[in-house]
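Notes for the one structure printed next.
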Amino acid sequence: MSNQNKRKIILEKRLQTPKWIGLLVTVVSVFAALIFSSVFLQMTGQNPFEVYRVMFKSAFGSSYGFSETLVKAIPLMMASFGIAMAFKMVIWNIGAEGQLLLGALAASVIALSFPNLPSIPLIVLMMIAAMIAGGLWALIPGLAKSYWNVNEVITSLMLNYVAINIIDYFVYGPLKNPYGSNFPETETFVRNAWLPTFASTRVHLGIIFALLTAIILYFVLNKTRWGYEVKVIGESRNVARYSGMDIKKNIILVMMVSGALAGLGGMTEVSGVVHKLDPHLSIGLGYSAIIVAWLSKLNPFVIVVVSILFGGLINGGFSIQMHGIPAATATMLQGAILFFVLGGDIFARYKIRIIK
Amino acid sequence: MSEIAVKMVGIRKTFPGVIANDQVNLEIFKGEIHALLGENGAGKSTLMNILTGLYKPDKGEIFLDDVHVDFKSPKDAIQAGVGMVHQNFRLVKPFSVIENVMLGQKGSSILNIEETEARIKGISHRFGLEVHPKAKIWQLSIGEQQRVEIIKMLYKGADILILDEPTAVLTPQEVNDLFKILRNMANEGKAIVFITHKMHEVMDFADRITVLRAGLSVKSMMKIDTDTSELANLMVGREIARGRKNTNKTIGEVALKLENVSALNDKGLLALDKFTLEVHSGEILAIAGVAGNGQRILSEAITGLRELTNGKIILYGEDLSNQSIREIIDKGVAFVPEDRYGMGLAANLSVIDNVLLKDYRNKKYGINFLNSNTTRAKAIELVEKFDVKIPTVDSPVKMMSGGNLQKLLLARETDIDPKLIVAVYPIRGLDIGATDFVHEILIKEKNEGAAVLLISEDLDEIYKMADRIAVIYEGRLMGVLPVEEAKLEVVGLMMSGTDVREGDSNV
């Protein structure tokens with residue numbers, strides 16, 4: 001043979017990935033994303049280090065900045081929990097955006113319809129309505145998947161655009177503020193419909209909901225009979241069927257829980273932050289949440305941490321606008337991080353060896 | 001007879017631990033349809049994969065038209081005119097027939113679709129391979145897709161065409177059509193080889209036959225010089241190790257009753273045809289048959305994984321037909337499936353999670369929560385009882401060897417004190433130690449009163465284990481014989497689809 005001396009790079013599958021390698025790969029991937037993005041910033045005439053410094057400082061450098069970061073992180077967490085639930089069963093719910101919006105709409109309808117209710121029943125009612133609305137919205141792709149095996153990626157994604165149009169219809173039409181100027185938005189909710197905030201910040205009670213949800217979700221997934229079914233179905237439909245698990249029922253159930261959690265995220269956003277429904281409520285939160293869920297390897301506690309980092313990214317993105325840099329930089333960074341982390345995964349799953 | 005197209009001499013091929021072919025000789029003439037007959041694992045596919053350049057033989061030589069050839073890849077083989085139609089078609093479903101034929105063709109970078117279409121039409125017309133060149137593959141029936149595969153090979157200039165079990169996926173009408181086409185091709189001087197284990201096809205369609213057994217070529221002969229019983233003998237005729245493992249007579253009342261059970265396979269074809277059978281408690285009933293004759297469908301029908309289109313399944317008087325899988329499990333039906341990894345065990349889940357699969361609803365693990373101490377204790381108990389070798393019960397089962405996987409699976413399935421055990425090819429791929437262990441467990445369950453339905457393609461195993469032998473062929477029951485009265489030749493004949501009614505003692 002002529003090419004006996006040629007060196008070859010081969011990938012060898014790891015049987016198990018040590019934890020530290022997984023972590024190292026993630027950290028290195030994030031840095032790679034920062035370097036990659038800095039090239040584009042450089043090309044647009046910005047100093048990347050300055051941009052990153054401003055972003056970091058405004059997101060994490062002051063207590064005010066950090067509180068705003070937390071505000072941004074809350075809906076991300078809620079939507080990510082929902083997504084993680086579905087992804088755990090290998091049901092690709094891409095519709096968190098729409099489910100979140102429908103949840104916000106339902107909560108708004110309650111807040112505007114029952115302004116005279118006392119605070120606690122009103123807020124509880126808003127939460128229930130939001131979860132039902134989000135859950136039902138997710139039920140549509142869930143049913144289609146379960147009974148006719150329709151690809152849920154397409155249906156759940158497409159329903160996001162339907163949801164946006166529904167919101168538009170309501171804020172331009174039936175729910176439009178009759179006393180306001182011509183902006184497409186609802187009246188501001190009565191005070192009773194506002195989630196309480198902490199001290200002088202905008203951080204609201206939703207963060208407690210989110211942390212509780214993380215704990216509950218962790219237990220449901222890891223300690224309950226239902227969580228076990230979800231795990232087995234996610235691992236192999238064949239094995240689950242062989243074991244007598246009802247896959248159809250679980251697909252529907254998981255989609256509804258997934259949508260309900262995203263819907264609750266919509267409620268905390270209108271009730272805790274905006275205090276009214278406007279069409280710019282969610283600018284892609286449901287999509288960022290997919291990235292968060294994936295980067296967190298679907299672990300609820302990791303989702304909390306990664307959501308805060310991404311909240312910081314969104315927050316920092318707004319701040320750099322004041323320096324004349326487009327906020328889209330943050331979106332680019334999100335994309336780059338996902339790209340590099342997914343790509344970097346190959347190093348976690350395979351050993352690279354050079355052989356002669 | 002005309003000239004020799006292919007001559008294979010002294011072929012030997014080994015895989016780690018297995019001799020797939022040894023001292024195999026094969027001659028194929030131009031203008032003939034040649035059947036390669038043998039049981040599963042006899043080495044038919046390996047031999048043909050060597051001829052088409054997919055494997056390199058360890059020893060032996062291949063001559064095409066008396067010229068020595070040395071194929072390094074399937075590309076070399078097709079260039080020399082040897083083409084193969086595999087069992088699983090290699091077609092791109094959303095593409096048209098033309099696009100599939102053009103795929104992978106060398107030549108100019110501009111595709112000449114009209115010319116390709118014209119050539120396809122020419123080939124179609126010449127051999128009676130009717131298919132619409134512009135149709136997309138997914139629109140075509142299985143028979144038509146097979147024609148596309150044949151056209152692909154002819155388009156590439158194949159003069160020697162090999163078909164690997166071409167009739168396995170076809171309806172009887174399609175089988176007739178296929179062989180009409182193959183006959184046309186033979187009449188034009190092409191050499192046709194088809195791999196099969198179905199006796200009647202050989203007798204109906206072949207000119208010459210070569211029987212392979214256990215990796216050796218046993219005999220080649222003209223069809224007119226032989227008959228089915230000689231072929232059956234050549235196929236399975238060997239000394240069966242007569243050491244019985246199952247020595248206690250413990251047969252009791254009727255446990256499982258199948259009445260006219262029919263079911264379809266994944267392609268929607270009838271794969272189980274009015275199957276009627278009784279299995280008694282304390283009995284091992286072995287289903288003998290060449291793999292792919294409805295065994296898997298039978299096992300899935302009994303365990304509820306496959307819908308019945310006809311008939312009834314009764315376990316101790318309770319009707320199981322079309323009950324949910326969960327209900328059937330709860331009635332005490334254990335299932336050792338053919339596919340350990342893809343069905344019986346979840347590769348990436350831990351030993352604990354896998355042990356729980358059938359029993360996780362048991363309230364002893366907690367009302368809603370699964371108590372991790374109890375589940376762990378259960379896993380450790382079974383691992384120790386069955387001597388399963390694993391690092392810890394938290395390790396994923398994909399780290400385990402085949403023997404240990406099967407032990408774990410049996411540990412779980414027998415832990416629920418089953419009334420009926422359906423075991424499909426339970427020793428496939430296992431070494432002698434693990435095989436003995438699996439057999440011991442099945443015999444122990446039988447002695448304790450379970451009814452055992454053992455589906456096997458290994459006659460040694462069947463004669464060692466069975467109380468009675470039932471033979472399945474193309475989804476039909478060919479007969480049931482007590483093991484003492486079951487002559488090997490008779491079982492062999494029944495396995496190849498010959499009706500042998502005098503030995504029938506189906507109660």
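Throughout, protein chains are lettered first and strands after them, A, B, ... in sequence-line order, and every chain is numbered starting at 1.
With chain A as partner, the option from G342(B), A347(B), S324(B) having the largest number of non-hydrogen pairs under 4.5 angstrom is G342(B). Heavy-atom pairs under 4.5 Å with chain A were tallied for L345(B), I328(B), L356(B); the largest tally goes to L356(B). Options L305(B), D339(B), I329(B), D330(B) differ in how many heavy-atom pairs under 4.5 Å they form with chain A, and the most are formed by L305(B). When V239(A), T224(A), N238(A), V220(A) are compared by the number of non-hydrogen pairs under 4.5 Å with chain B, V239(A) comes out ahead.
Within a 6.0 Å radius of OH in Y341(B), other residues, nucleotides and ligands contribute more than 12 heavy atoms. Around atom NZ of K56(B), more than 12 heavy atoms belonging to other residues, nucleotides or ligands sit under 6.0 Å away. Counting non-hydrogen atoms of neighbouring residues, nucleotides and ligands closer than 6.0 angstrom, the OH atom of Y218(A) reaches no more than 12 such neighbours. Remark: F219(A) CZ is loosely packed, at most 12 non-hydrogen atoms of other residues, nucleotides or ligands lying under 6.0 Å away. By the 6.0 Å contact criterion, NZ on K331(B) is enclosed, its count of non-hydrogen atoms from other residues, nucleotides or ligands being greater than 12. Within 6.0 Å of CD1 on I120(A) lie no more than 12 heavy atoms contributed by other residues, nucleotides or ligands. Applying the 6.0 Å contact sphere to CD of Q139(B) captures more than 12 heavy atoms from other residues, nucleotides or ligands. F347(A) CZ: 12 or fewer foreign heavy atoms inside a 6.0 Å radius.
Residues G244(A) and R361(B) come closest through the heavy atom pair O-NH2, 3.9 Å. Across all their heavy atoms, A346(B) and E235(A) have their closest contact at CB-CG, 3.7 Å. Scanning all heavy atoms of the two residues, the minimum distance from L349(B) to K231(A) falls at CD2-CG, 3.8 Å. In terms of heavy-atom proximity, K223(A) sits nearest to S372(B) at NZ-OG, 4.1 Å. Heavy-atom minimum distance, M343(B) versus Y242(A): O-CD2, 3.2 Å.
The distance from the CE atom of M245(A) to the CD1 atom of I325(B) is 11.0 Å, given to the nearest 0.5 Å.
Under the side-chain contact (heavy atoms from CB on, under 4.5 Å) test applied with V232(A), the options L357(B), D353(B), N354(B) reduce to a single match, L357(B). Just one of I367(B), L370(B), N362(B) meets the side-chain contact (heavy atoms from CB on, under 4.5 Å) condition when paired with R225(A); it is L370(B).
Only the side chain of R412(B) comes within less than 4.5 Å of a heavy atom of chain A; its backbone N, CA, C and O stay farther away.
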